[in-house]
Amino acid sequence: MKNSANYVVDLGDKFHSTTRSSSLYRYWRQLHRQQRIFIIVLIALLIFVYFGYRSHSTEPIRNLPDDFHLHREEINKDKEAWQRKRIEENQANKVKVEKQIFFNPTNERQIAVRDAMRHAWKAYRTYAWGYDELQPLSKTPSAWFGLGLTIVDAIDTLYIMNMTEEYRDAREWIEKSFNLDSDSIDKFNSHFEITIRVLGGLLSIYHISGDNIFLKQAVDLGERLLVNFNTPTGLPLAETNLKRKTASGYRWTSDSALSEVGTVQIEMRDLSRVSGDKKYEDAADKASTVLHNQSKKDGLVPIFINPLTGRFSGGVVSFGARGDSYYEYLLKQWLQTGQQKAIFWDDWIESIEGVRKHLWRLAYPEKLYFVGELMGMSSFSPKMDHLVCFLGGNMALGWYFKKDLTFLLDMAKDLTKTCYEMYAKQETGLSPEIAYFNTDSQLNGQTLSVRDNDAHNLLRPELIESLYYLYFLTGDTIYQDWGWKIFQSFEKYTRQTDGYSSINDVRHKDNVRPRNKMESFFLAETLKYLYLLFDNKNLFPFDQWIFNTEAHPLPVYQH
């Protein structure tokens with residue numbers, strides 16, 4: 001032991017190596033013969049595996065059999081062929097778009113409307129360019145979506161009015177600055193509003209201009225909106241974050257408005273037709289089928305629905321806020337698909353019968369017909385939103401394709417007259433947002449009344465829309481005359497030094513109290529419908545075009 005200790009100290013690593021070798025040798029000699037054979041075989045096997053792996057891993061690719069490369073090329077060719085086939089199928093399915101030609105105004109009324117459009121656009125261009133809307137009193141921009149909303153929403157109006165310089169500016173902005181990956185849109189916004197205003201605007205201008213830049217932007221947007229339909233029912237969620245490509249319901253309720261789930265199908269279906277990709281139309285059809293299969297009361301449904309379960313809630317039935325455009329799109333989807341999908345007509349005409357049975361009333365003493373609301377699916381309320389005024393044009397359009405249903409035109413005329421009286425009875429000649437009607441024939445008070453909270457006017461288009469339909473369907477110039485009076489009231493009480501503004505009180509002409517907001521739909525809808533109303537001919541024949549709920553014209557298809 002002593003000598004061993006001296007070796008360790010004096011000879012260092014060399015001694016350690018020798019000692020380990022001697023120990024291993026003694027250990028090896030102590031093993032049984034079978035154990036030594038097993039270890040030798042195991043080591044030989046490991047050496048064989050190692051050199052076999054090394055030889056294969058370092059084998060040059062050039063030495064692989066020729067058929068390996070051929071097989072690989074075949075796979076790549078098959079993949080490329082599949083991709084080409086898909087592109088070719090999409091191209092084959094795409095509709096052909098023909099550029100539309102529009103000329104300058106044909107009469108003084110149209111010239112006046114185009115001048116109003118120029119005034120509104122110039123103010124937006126000067127003080128809010130690239131932002132969503134203009135605040136005309138403070139001359140500052142307003143952010144909402146972060147998508148240059150007024151530009152996209154109004155560009156087809158510029159094109160129709162032949163405002164070429166303004167159109168070129170708008171087109172350039174959409175081509176170079178419309179950015180769905182911008183930080184400005186990294187937030188949740190209304191899926192419904194983006195669909196009808198932005199997607200609808202891009203599709204419309206593509207159809208009438210034939211410019212592919214608008215189709216490119218529409219496809220990018222539609223792809224991001226599609227995520228909202230990824231629910232158990234296929235009904236879209238209420239909000240979308242376009243940058244993050246995510247969807248959400250409202251944070252304060254699990255419900256969506258009826259109009260939010262029922263007023264996106266026309267745009268998505270059109271996107272499929274122009275892109276050749278059926279997935280957008282498939283999503284639209286699935287949502288429509290879910291709505292069709294729900295239980296209804298004579299075609300009427302409540303204004304709230306849960307998109308996750310498909311169940312309605314609340315019991316309020318209205319053709320005004322939160323309900324209006326669901327019914328509007330029933331008829332227009334039937335028209336858009338060449339009158340081939342009967343469920344849309346069946347649901348629409350049933351809803352009109354529901355109006356006649358439950359919502360249609362006479363107001364006294366002037367005997368004006370109006371459309372009220374149901375509370376709890378049963379109790380009648382004599383309240384009518386200005387938004388309901390779309391229904392006159394909607395019923396007249398339905399009559400045009402089913403002229404044996406004369407009651408549709410009669411109701412359209414009666415309702416449109418009442419809506420005009422909502423304007424004419426105010427000091428400013430402009431309608432309030434909501435009116436209440438007297439249904440008691442024994443009372444000799446006012447036929448309609450306006451409450452303080454409902455006296456504002458938001459530059460809405462719904463009555464002008466109905467006047468447009470009724471003029472071209474009946475030829476009666478009274479509808480043009482009514483439209484001209486309303487336009488003059490807009491000029492007198494809502495026109496500002498820069499742009500136009502909503503007002504707080506239509507009842508007092510000396511104190512209208514402007515609201516510092518110029519809605520994008522004033523340019524996209526109200527001025528557009530006025531311009532079309534005053535034309536000598538219908539620029540968008542009703543058997544060839546439909547308007548989405550934001551007044552963006554889209555073509556009728558044959559199936």
Side-chain angles (χ1 to χ4, degrees), residues 258-259 261-266 269 284-285 287-303 305 312 316-320 322-362 369-374 377 380 384-385 387-416 418-419 462 465-466 468-470 472-474 542-549 554 556-559:
L258 174 64
S259 58
V261 301
T263 319
V264 292
Q265 287 80 0
I266 282 176
R269 183 176 293 109
D285 285 344
S288 293
T289 300
V290 170
L291 291 170
H292 170 71
N293 289 333
Q294 299 306 303
S295 176
K296 303 176 177 67
K297 179 175 182 176
D298 298 316
L300 306 178
V301 291
I303 60 173
I305 185 171
F312 288 102
V316 176
V317 174
S318 175
F319 275 68
R322 301 185 179 91
D324 51 355
S325 47
Y326 158 73
Y327 300 101
E328 174 190 355
Y329 268 34
L330 291 176
L331 175 66
K332 290 183 177 180
Q333 287 185 84
W334 178 69
L335 295 175
Q336 182 187 34
T337 54
Q339 305 172 36
Q340 298 300 306
K341 296 193 175 184
I343 65 168
F344 296 129
W345 172 266
D346 292 344
D347 285 353
W348 181 77
I349 197 64
E350 185 183 11
S351 74
I352 300 302
E353 292 290 356
V355 170
R356 296 174 78 188
K357 185 175 181 180
H358 301 288
L359 306 179
W360 191 250
R361 293 288 194 280
L362 198 58
Y369 286 97
F370 72 100
V371 175
E373 297 182 352
L374 288 183
M377 295 295 292
F380 181 80
M384 187 172 86
D385 295 356
L387 288 166
V388 178
C389 293
F390 87 92
L391 186 56
N394 197 238
M395 290 189 292
L397 184 62
W399 166 80
Y400 177 70
F401 293 95
K402 299 277 188 178
K403 290 189 176 177
D404 56 318
L405 302 178
T406 55
F407 72 90
L408 290 173
L409 183 59
D410 293 338
M411 291 177 70
K413 290 179 178 179
D414 288 339
L415 181 60
T416 301
T418 299
C419 287
E462 285 75 24
E465 175 184 358
S466 287
Y468 161 69
Y469 281 108
L470 280 161
F472 282 105
L473 291 173
T474 68
F542 300 135
D543 58 349
Q544 299 175 32
W545 298 87
I546 57 170
F547 290 87
N548 86 333
T549 197
L554 300 171
V556 166
Y557 299 107
Q558 296 308 308
H559 57 84

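Just the heavy atoms: all of them, side chains too, but no hydrogens, waters or symmetry mates, feed the values below.
From Q339, atom CD reaches atom CD of Q558 across 9.0 Å, with rounding to the nearest 0.5 Å. Rounding to the nearest 0.5 Å gives a distance of 9.5 Å between CG of L359 and CZ of F370. For the atom pair I546 CD1 and T337 OG1, the distance stands at 8.5 Å (nearest 0.5 Å). To the nearest 0.5 Å, the span separating CG on L397 from CZ on F401 amounts to 5.5 Å. The structure places CD of Q336 at 6.5 Å from OH of Y557, a figure rounded to the nearest 0.5 Å. Separation of atoms CG (L331) and CE (M395) is listed at 11.0 Å; rounding is to 0.5 Å.
Contacts classified as side-chain hydrogen bond (donor to acceptor under 3.5 Å, both in side chains) and involving residues 341-352 (residues at least two apart or in different chains) are given here: D285-K341, H292-D347, W348-N394. Pairs engaging residues 395-406 under the side-chain hydrogen bond (donor to acceptor under 3.5 Å, both in side chains) rule: none recorded [sequence neighbours left out].
Atom CZ of R269 sits in a crowded spot, with more than 12 heavy atoms from other residues, nucleotides or ligands closer than 6.0 Å.
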* T416/Y469 under side-chain contact (heavy atoms from CB on, under 4.5 Å): CA gap, chis, key distance, verdict -> CA-CA 11 Å; T416 301; Y469 281 108; over 6 Å; no
* Run the numbers on V317 and H358 for side-chain contact (heavy atoms from CB on, under 4.5 Å), then give the verdict. => CA-CA 10 Å; V317 174; H358 301 288; over 6 Å; no
* Pair L470-L409, side-chain contact (heavy atoms from CB on, under 4.5 Å): steps then yes or no -> CA-CA 9 Å; L470 280 161; L409 183 59; 4.0 Å; yes
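For the pair K332 (side chain) and I266 (backbone), a donor-acceptor distance under 3.5 Å is absent. Panel note: side chain T418, backbone Y369; a donor-acceptor pair is recorded below 3.5 Å. Using modelled atom types, one side-chain atom of S466 and one backbone atom of C389 make a donor-acceptor pair closer than 3.5 Å.
Residues I305 and L291 share a closest heavy-atom pair of CD1-CD2, 3.9 Å. The heavy-atom pair separating V556 from L335 by the smallest distance is CG1-O, 3.2 Å. The shortest non-hydrogen separation linking Q265 to Q333 is CB-OE1, 3.2 Å. Contact between V290 and Q294 at its shortest, heavy atoms only, is O-NE2, 2.9 Å. Across F390 and D324, no two heavy atoms sit closer than the pair CZ-O, 3.3 Å. The two residues N548 and L554 have their closest heavy-atom pair at CB-CD1, 4.4 Å.
Listed by chain and residue number, F319 satisfy the ring-ring contact (aromatic ring centres under 6.0 Å, His included) test with Y327 (two or more places apart in sequence, or in another chain). For R356, the salt bridge (charged side-chain N to carboxylate O under 4.0 Å, His left out) criterion is met by E353, not counting sequence neighbours. Judged as a salt bridge (charged side-chain N to carboxylate O under 4.0 Å, His left out), and not counting sequence neighbours, the contacts of D298 are K357. Residues passing the side-chain contact (heavy atoms from CB on, under 4.5 Å) test with T549 are I196, T263, S325, E328, Y329, sequence neighbours excluded.
Side-chain contact check for Y326 versus V261: every heavy-atom pair is 4.5 Å or farther apart. When side chains are defined from C-beta on, I352 counts as touching L391, because their heavy atoms get closer than 4.5 Å. Side chains of V355 and M411 form a contact here, defined as non-hydrogen atoms less than 4.5 Å apart.
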